[in-house]
Chemist: 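Take a look at this one; I'll ask things after.
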Amino acid sequence: MADKERGAAVDIRAVTKTYGTFTALDDVSLRIEPGQFMTFLGPSGSGKTTTLNVIAGFTDLTAGEIQIGERSVGNLPAHKRNVGVVFQHYALFPHMTVAANVAYPLKLRRVPQAERNRRVAETLEMVRLTDFAHRHPAELSGGQQQRVALARAMVFDPPLLLMDEPLGALDKKLREWLQLEIKRIHRELGTTFVYVTHDQEEALALSDRIAVFNKGRIEQVGSGRDLYDRPETLFVGRFIGESTVLRGPHELRGGETALRIGEDWVSHPGQPVGSGRQALLVRPEKISLLRPGAVTEDGLNTLPGLISEAIYLGSGVKYEVTLTDGSRAVARVPLTDEPFALGESVIVVWQKQDARLLPDDGSSEAAQSGEEQ
Ligand code: ATP
């Protein structure tokens, strides 16, 4: 039974971590509620693992404070924080059986033998490995080894479980299945989970809330839905889900912000956001494609372009359209009897209010992949 009281709150307050002159974490603050599934998402090098490590006590702080369950843990060594940790690489003891691996944290805590056996059996059942108790790690698949690592991290009933890319070394199918397992275990335990990934689909599948990291800072915290529908920065909007990003000179016209894209103008209800350059972000399902000459209603934005890619998705088609300024629009549309051909001229259409106007932070594909770090 999920019991939120079993999970500990985590408070990260103004945490900074520097290595020499390099700032890996820059004044990060975040509250994680008891029993929450919080995911740290962001490109490589953005500070996710460092944040996890300062919570666990593997990395010391340069400034700031961490509380776990309302207790300040700044001076507590990692092994006294009562936190379970799972890494990408299973780090199991190769010479011990599965049962002995899982029993190890209980042994360290001097839990009596009978109680130890009961808890190991219970935990192996939870990760569905009861029949593998007497095997050694080398006799298990990658997914099974990772479930042993999970069992070992949770067997002593910690109020907080930290996981750093635990599924990173597994193939896609197995990863998706284990995501469901982790979700189930989280529900059944009621423990607070903090999970690190750079995979936005994984973050959306698992989390109650997601903290998006960029260059040692948290850009936004919210549910997957918040981040997808209401990104507060262009970086977040681009990192979560697919999008079309339009950039160009802007001006205010009759209460709307108009943006010039190539030779055309599009507009968005409302004032520019901030004083700098502006960008419009549009989600693929908000865009429809029309053939030139089709009649459109008022209140729509339209831009001409050429189909440059068509990807069949089963439930529909994803089209990429190259616009006249060279940028790329992405539309996900239902299958029709008359699909668009590569190179065909189309009109990209969306309702003005269906886009998001954001300050242009210059974020690019390279920044999303972490290559600009
Ligand atoms: P990844 O997904 O690649 O693991 P991450 O978001 O978890 O990335 P961190 O591991 O937190 O990133 O690293 C943040 C930054 O701190 C990186 O630029 C990294 O090179 C730097 N860093 C981490 N550990 C050290 C260290 N011991 N000495 C110097 N720099 C470090």
Side-chain angles (χ1 to χ4, degrees), residues 10-30 32 37-66 68 73-74 77-78 81 83-91 142 146 149 153 160-172 175 178-179 182 193-207 209-222 224 227 231 233 235-240 361-373:
V10 181
D11 248 314
I12 301 171
R13 295 202 185 127
V15 164
T16 293
K17 174 69 190 171
T18 55
Y19 293 103
T21 56
F22 178 75
T23 304
L25 288 182
D26 185 6
D27 194 17
V28 167
S29 293
L30 179 69
I32 305 169
F37 198 123
M38 169 66 81
T39 296
F40 296 167
L41 175 69
S44 180
S46 57
K48 310 178 297 289
T49 295
T50 306
T51 308
L52 201 81
N53 284 342
V54 297
I55 299 173
F58 301 141
T59 299
D60 55 353
L61 306 175
T62 307
E65 194 197 348
I66 304 265
I68 299 177
V73 294
R81 293 192 184 190
V83 168
V85 187
V86 184
F87 296 105
Q88 177 169 345
H89 296 290
Y90 329 115
Q146 203 51 320
L160 174 62
L161 255 175
L162 307 177
M163 294 188 237
D164 192 352
E165 304 256 8
L167 310 182
L170 307 174
D171 69 43
K172 187 166 161 40
R175 222 164 51 220
L178 279 175
Q179 282 169 11
I182 288 174
F193 276 36
V194 182
Y195 192 98
V196 167
T197 182
H198 60 268
D199 177 344
Q200 52 108 7
E201 281 182 27
E202 186 158 290
L204 291 174
L206 288 172
S207 326
R209 284 167 79 74
I210 300 170
V212 182
F213 280 72
N214 183 24
K215 296 181 178 163
R217 290 177 153 266
I218 294 179
E219 293 241 343
Q220 190 172 347
V221 187
L227 299 174
T233 66
F235 179 88
V236 170
R238 297 184 62 136
F239 205 85
I240 309 275
D361 56 16
S363 63
S364 62
E365 302 278 342
Q368 311 288 299
S369 67
E371 291 305 311
E372 275 189 357
Q373 299 285 315

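Order of appearance sets the numbers: ligands from 1, and atoms from 1 within every ligand.
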Chemist: Closer than 3.5 angstrom, by distance alone: can the side chain of T23 be matched with the main-chain N or O of T18 as a donor-acceptor pair?
Modeler: no
Chemist: For ligand 1, which atoms have a heavy atom of G45 less than 4.0 angstrom away?
Modeler: 1 (P), 3 (O), 5 (P), 6 (O), 8 (O), 12 (O), 14 (C), 15 (C), 17 (C), 18 (O)
Chemist: Please list, chain by chain and in numerical order, all residues satisfying salt bridge (charged side-chain N to carboxylate O under 4.0 Å, His left out) with D171, sequence neighbours excluded.
Modeler: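 So D171 forms no salt bridge (charged side-chain N to carboxylate O under 4.0 Å, His left out) with any residue.
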Chemist: Answer yes or no: is there a donor N or O on one side and an acceptor on the other, between the side chain of T39 and the main chain of L41, under 3.5 Å?
Modeler: no
Chemist: Should you measure from each heavy atom of S46, which atoms of ligand 1 turn up under 4.0 Å away?
Modeler: 5 (P), 6 (O), 12 (O)
Chemist: Geometry only, no angles: is H198 polar-contacting ligand 1 at N/O separations under 3.5 Å?
Modeler: no
Chemist: Quick one: look at F22 and ligand 1, take heavy-atom pairs under 4.0 Å, and tell me if it's side chain, backbone, both or neither.
Modeler: side chain
Chemist: Closest by any non-hydrogen atom to atom 4 (O) of ligand 1: pick that one out of T49, N214, T197, T51.
Modeler: T49
Chemist: Hey, does A24 come in under 3.5 Å of ligand 1, counting only N/O atoms on both sides?
Modeler: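 Between A24 and ligand 1 (N or O atoms, distance only) the closest approach is not under 3.5 Å.
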Chemist: Where the side chain of D361 meets the backbone of F235, is there a donor-acceptor pair that is under 3.5 Å apart?
Modeler: yes
Chemist: Quick check against the 3.5 Å criterion: does Q146 have a side-chain atom that pairs as donor or acceptor with the backbone of P166?
Modeler: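 Side chain of Q146 to backbone of P166: a pair is present.
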Chemist: Atoms of ligand 1 less than 4.0 Å from G47 heavy atoms?
Modeler: 5 (P), 6 (O), 11 (O), 12 (O), 14 (C)
Chemist: Please list, in number order, the atoms of ligand 1 under 4.0 Å from a heavy atom of P43.
Modeler: 6 (O)
Chemist: Is a side-chain donor or acceptor of K48 paired with a backbone partner of P43 at a separation under 3.5 angstrom?
Modeler: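 Yes.
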